[in-house]
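Take a look at this one; I'll ask things after.
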Amino acid sequence: MEDATIEELENLEEESLKIERDAFEVNEGICKECGEKLIKVVENKSILDGAITFHIIKLKCLKCGKEYLDLDQ
């Protein structure tokens with residue numbers, strides 16, 4: 001509705017959406033190298049003798065071993 005009149009805009013109805021908490025979480029994908037299904041892997045990395053731990057979530061291909069941090073990588 002790029003060229004809508006003010007009257008048309010006033011007649012629009014309001015809509016509401018409910019988005020689940022994990023709606024944007026990526027849990028699977030397809031490997032760009034070999035076409036196999038990727039699995040979700042959580043890797044824990046600690047620094048400063050375990051004082052700080054990072055949880056790195058990756059997608060990994062079991063066939064070719066390629067790892068992705070996201071599907072656009």
Side-chain angles (χ1 to χ4, degrees):
M1 272 197 152
E2 237 177 77
D3 299 326
T5 66
I6 291 177
E7 184 177 313
E8 289 172 324
L9 292 174
E10 288 173 349
N11 290 329
L12 291 176
E13 292 181 28
E14 184 176 320
E15 289 290 329
S16 63
L17 299 174
K18 182 178 180 182
I19 299 175
E20 298 292 325
R21 173 173 265 180
D22 61 350
F24 298 104
E25 187 175 309
V26 177
N27 291 312
E28 61 183 40
I30 302 296
C31 180
K32 291 182 180 183
E33 294 293 315
C34 66
E36 289 293 313
K37 187 175 179 180
L38 301 171
I39 62 164
K40 184 177 179 178
V41 177
V42 178
E43 185 178 309
N44 298 318
K45 294 278 186 177
S46 295
I47 60 171
L48 302 174
D49 293 325
I52 300 174
T53 302
F54 295 96
H55 303 285
I56 302 168
I57 300 170
K58 302 187 272 186
L59 297 171
K60 182 175 183 174
C61 178
L62 295 178
K63 182 176 179 185
C64 71
K66 180 97 171 142
E67 294 180 338
Y68 301 88
L69 293 177
D70 61 44
L71 293 177
D72 292 326
Q73 184 181 30

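Model, not experiment: these values are computed from the prediction.
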Side-chain heavy-atom pair H55, T53 within 4.5 angstrom cut-off: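 A side-chain contact exists here, since the closest heavy-atom pair is under 4.5 Å.
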Transitive ILVMFWY side-chain link I6 to L12, under 4.5 Å: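 Different hydrophobic clusters.
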L59 to K40 - nearest heavy-atom pair and separation: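 Of all heavy-atom pairs spanning L59 and K40, the closest is CD2-CA, 4.0 Å.
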From NZ (K37) to SG (C31), nearest 0.5 Å: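 K37 NZ to C31 SG: 14.0 Å, rounded to 0.5 Å.
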L17 side chain near E15 side chain, heavy-atom distance below 4.5 Å: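 No. Closest side-chain heavy atoms not under 4.5 Å.
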Closest non-hydrogen atom pair between K45 and I56, with its separation: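 Between these two residues, the closest heavy atoms are CG-CD1, 3.7 Å.
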Backbone of L38 reached by a side-chain donor or acceptor of Y68 within 3.5 Å: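 Not at all, since once roles are kept as given, no pair shorter than 3.5 Å links the two residues.
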Nearest-0.5 Å distance that lies between atom CG in L62 and atom NZ in K60: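 Here the interatomic distance stands at 7.0 Å.
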Spatial distance of atom NZ (K32) from atom NZ (K66) [nearest 0.5 Å]: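 Spacing of NZ (K32) from NZ (K66) equals 9.5 Å.
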